Amino acid sequence: MIDNHSSSRRLDALFREFDNLVAENRLVLDGTDKKLSIAFGVTASLIGAGVWRSQPVFFLIVPFLILAIAFFAAVQLGHIVLLGAQLAVVEERINHEIGGQPVMTYFNVIVRAVCDAKTFIDPSKQRPRRNFNTIYTAAAIAVLVAAVAISIVAGWPALIVKGWIPTICYFVGVIAATILVVFVIHRAANDKDRMILVIKQAIEKSSNDSQEPTKPPMFPKR
């Protein structure tokens, strides 16, 4: 009876933790959508202002704005990946408490096999197909690169009159920001498996530390 009661309490705690993480994941996704919508609206406004006023200088702001959007989106992606890793581990622990049965499989099986995978095997034709996330990512990168290139070309007249030193500094800034964005996106998109291992190791270490017997206090001899 004691073991069953203890197992039930652990299971209840895991379900509460799972619900909290799911709620946090939804908040992050909802906040990301709103921020991206506002950011893309501002970008479109800048491009429209540049076309309307025939001011090339407006276009020079667009690449940095787009890269800033991509950077903050990558940071948000890192938070979402971390939450997904935590949810995958919690699901595995819940399945272990239930008796090893794969009852909960969304984050530790479905998301990793379908959403996170670059390709999947089409069951009907038995051939690999590109995942939607892979296609969406490639399309988004193509659109962003095209927008940056067009903005630089359109803003070139306003840039060249400043001289070569400001021009070189501008391009160095764009290239440095691009490298930073690519690095953050690559790390965020490929860190889930590593995060899962880190979380599991931390849980095992915490469990082992709690099971170690505490040494009795040493009193000085009189």
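Computed from a predicted structure; not experimentally measured.
Linking Ile, Leu, Val, Met, Phe, Trp and Tyr whenever their side-chain heavy atoms come within less than 4.5 Å leaves Val109 and Val111 in two separate clusters. Leu87 and Ile203 are not part of a single hydrophobic cluster, where members link through side-chain heavy atoms under 4.5 Å apart.
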Could you please spell out the steps behind the side chain to side chain contact (heavy atoms under 4.5 Å, CB included) verdict for Val148 and Val62?
CA-CA 7 Å; Val148 170; Val62 173; over 6 Å; no
Apply side chain to side chain contact (heavy atoms under 4.5 Å, CB included) to the pair Val174 and Thr178, showing each step before the final yes or no.
CA-CA 6 Å; Val174 171; Thr178 302; 4.2 Å; yes
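The structure places CG of Leu77 at 12.5 Å from CZ of Arg187, a figure rounded to the nearest 0.5 Å. In this structure, OG1 on Thr105 lies 12.5 Å from CZ on Arg112, to the nearest 0.5 angstrom.
Between Phe15 and the options Val90, Asn20, Ile94, a side chain to side chain contact (heavy atoms under 4.5 Å, CB included) holds for only Ile94. Screening Phe171, Tyr170, Phe71 for a ring-ring contact (aromatic ring centres under 6.0 Å, His included) involving Phe64 leaves a single residue, Tyr170.
Here the closest non-hydrogen pair linking Ala158 and Leu60 is CB-CD1, 4.2 Å. Across all non-hydrogen atoms, the minimal contact from Leu82 to Met195 is CA-SD, 3.6 Å. The two atoms that bring Phe107 and Glu91 nearest to each other are N-OE1, 3.0 Å, heavy atoms only. Of all non-hydrogen atoms in Ala188 and Val81, the two that sit nearest each other are O-CG2, 3.2 Å.
The local environment of CZ in Arg194 is crowded, with over 12 non-hydrogen atoms from other residues, nucleotides or ligands closer than 6.0 Å.
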